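A short write-up of the structure that comes next.
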2 protein chains.
Amino acid sequence: MAVSSVETNAEAMCPHRLVLEHVTSRWGVLVLIALLDRSYRFSELRREIGGFGRGVSEKMLTQTLQTLERDGFVHRDAKPVIPPRVDYSLTDLGREAAEQVRRLAVWTETRMGAVQEAREGYDARKRASEQE
Amino acid sequence: MAVSSVETNAEAMCPHRLVLEHVTSRWGVLVLIALLDRSYRFSELRREIGGFGRGVSEKMLTQTLQTLERDGFVHRDAKPVIPPRVDYSLTDLGREAAEQVRRLAVWTETRMGAVQEAREGYDARKRASEQE
DNA sequence: CGGCATCCACACAGATACTG
DNA sequence: CAGTATCTGTGTGGATGCCG
């Protein structure tokens with residue numbers, strides 16, 4: 001069973017581009033950054049990531065974690081207890097990736113002002129040309 | 001008109017997370033990296049990105065470029081000639097982002113071996129547990 | 001609790017056809 | 001050439017039910 005059909009189709013692509021897509025995927029980014037702080041349990045992680053606005057669905061988080069685990073970025077520690085307890089953490093490989101991703105995220109935050117400004121200019125120019 | 005409805009819905013999110021999604025989006029990543037080398041024309045960029053496997057659809061490239069332009073990462077230079085000629089290049093802001101993204105892409109390439117290894121282990125363990 | 005399987009709705013990606 | 005408009009397949013994600 002393939003993780004998802006989009007990947008099955010893309011199996012012919014250069015493999016590193018696929019890994020890059022996993023790391024930069026919508027939820028992959030957030031999972032990696034969260035796990036950089038500490039290990040998380042499944043539901044904990046879900047709350048952390050979806051702490052505001054829209055959250056991850058259970059299905060998407062599962063899928064994201066499985067993909068990242070398969071690529072060797074995330075370690076899954078399932079403890080055979082009742083009730084079940086599963087902890088997710090970064091591997092060394094995953095930590096390297098996560099640090100790069102976090103750097104990008106931090107940069108984004110510091111540059112938000114410039115982005116906002118650019119958007120206002122863009123929108124203004126667009127409005128002006130529409131009602132000429 | 002919003003760029004896309006997913007963004008309209010996410011308008012309530014922390015804005016920097018949206019920008020991060022633009023930068024790390026499927027085609028955004030590739031566009032930024034390509035433009036780091038030099039400026040490209042529309043079709044040129046399309047060929048460069050889809051040079052193998054699957055490419056970008058015209059629509060998605062348009063959409064990606066418009067989003068990145070609005071965020072102030074990409075500069076669009078449309079020359080009023082026949083036939084039309086439009087050149088895309090990075091702004092200073094976009095160059096900063098693109099360099100981060102490229103670093104991540106390069107890291108991914110150098111680490112492909114480890115990822116492949118991790119995957120084989122994962123798949124082997126999975127097969128073993130399935131047919132127990 | 002931490003999943004997996006299924007169904008369903010819908011947004012999005014992509015192909016196609018068309019325009020300035 | 002560089003788009004826009006439109007249509008359709010598919011991926012995404014919610015809801016639900018079930019299991020270890």
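The structure presented is a predicted model; accordingly, all values stated were derived computationally and were not measured. Here is the naming used below: chain letters follow the sequence lines, and residue numbers restart at 1 for every chain.
Listed by residue number, the members of residues 30-43 of chain B with any heavy atom below 4.0 angstrom from DNA chain D are B:Arg41, B:Phe42, B:Ser43.
A sub-4.0 Å separation between OP1 or OP2 of C:dG2 and a side-chain N or O of A:Arg76 is absent. A close approach under 4.0 Å does not occur between any side-chain nitrogen or oxygen of A:Gln66 and OP1 or OP2 of C:dG2. A sub-4.0 Å separation between OP1 or OP2 of D:dT4 and a side-chain N or O of B:Gln63 is absent. Taking 4.0 angstrom as the limit, A:Arg26 places none of its side-chain polar atoms (N or O) nearer than this to OP1 or OP2 of C:dA11. Within the 4.0 Å cut-off from OP1 or OP2 of C:dC12, not a single side-chain nitrogen or oxygen of B:Trp27 is found.
With rounding to whole Å, B:Glu21 atom CD is found 14 Å from C:dA11 atom C1'. If you take CG of B:Asp77 and P of D:dA2, they are 12 Å apart, rounded to a whole angstrom. Rounded to whole Å, atom C1' of C:dG3 lies 15 Å from atom CG of A:Asp87. Taking atom CD1 of B:Ile49 as the reference point, atom P of C:dA13 lies 14 Å away to the nearest angstrom. C:dC1 atom P lies 15 Å from atom CG of A:Leu45, rounded to whole Å. Here D:dG14 presents its C1' atom at 15 Å from CG of A:Leu61, a figure rounded to the nearest Å.
Every residue two or more places apart in sequence or in another chain was checked for a salt bridge (charged side-chain N to carboxylate O under 4.0 Å, His left out) with B:Glu109, and none qualifies. For A:Ser57, the side chain to side chain contact (heavy atoms under 4.5 Å, CB included) partners at least two apart in sequence or on another chain are A:Lys59, A:Met60. Residues meeting the side chain to side chain contact (heavy atoms under 4.5 Å, CB included) test with A:Ser25, sequence neighbours left out: none. Under the rule for a salt bridge (charged side-chain N to carboxylate O under 4.0 Å, His left out), the partners of A:Arg85 that lie at least two apart in sequence or sit in another chain are A:Asp87. With sequence neighbours excluded, no residue satisfies salt bridge (charged side-chain N to carboxylate O under 4.0 Å, His left out) with A:Glu117. Take B:Leu104 and apply the side chain to side chain contact (heavy atoms under 4.5 Å, CB included) test, not counting sequence neighbours, and it matches A:Leu20, A:Val23, A:Thr24, A:Gln100, A:Val101. In terms of the salt bridge (charged side-chain N to carboxylate O under 4.0 Å, His left out) criterion, residue partners of B:Glu96 (sequence neighbours excluded) are, by chain and number, A:Arg111.
Expressed to the nearest 0.5 Å, how far CZ of B:Arg17 lies from CD1 of A:Ile49 amounts to 8.0 Å. Of the inter-residue distances, the one linking A:Arg70 atom CZ with A:Gln66 atom CD reads 11.0 Å to the nearest 0.5 angstrom.
Under a 3.5 Å cut-off, the side chain of A:Glu44 and the backbone N or O of A:Arg41 do form a donor-acceptor pair. Checking side-chain atoms of A:Thr64 against main-chain N and O of A:Trp27 turns up no donor-acceptor pair under 3.5 Å. When atom types are taken as modelled, the side chain of A:Thr108 and the backbone of B:His16 share no donor-acceptor pair closer than 3.5 angstrom.
Where B:Glu58 and A:Ser57 each meet DNA chain D at their nearest nucleotide, the meeting point lying more 5' is that of B:Glu58. Mapping A:Met60 and B:Tyr88 onto DNA chain D by nearest heavy atom places B:Tyr88 at the nucleotide closer to the 5' end.
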Report, one line per pair, each donor and acceptor closer than 3.5 Å where one atom sits in a side chain of residues 31-40 of chain B; sequence neighbours left out.
none

Between the protein and nucleotides 18-20 of chain D, list every N/O to N/O distance that falls short of 3.5 Å.
none

Between the protein and nucleotides 6-9 of chain C, which nitrogen or oxygen pairs are less than 3.5 angstrom apart?
none

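Residues A:Thr110 and A:Trp107 share a closest heavy-atom pair of OG1-O, 2.8 Å.
Using five terminal pairs a side, the axes of the helix from C:dC1-D:dG20 to C:dG20-D:dC1 at its two ends make an angle of 50°, given in steps of 10 degrees.
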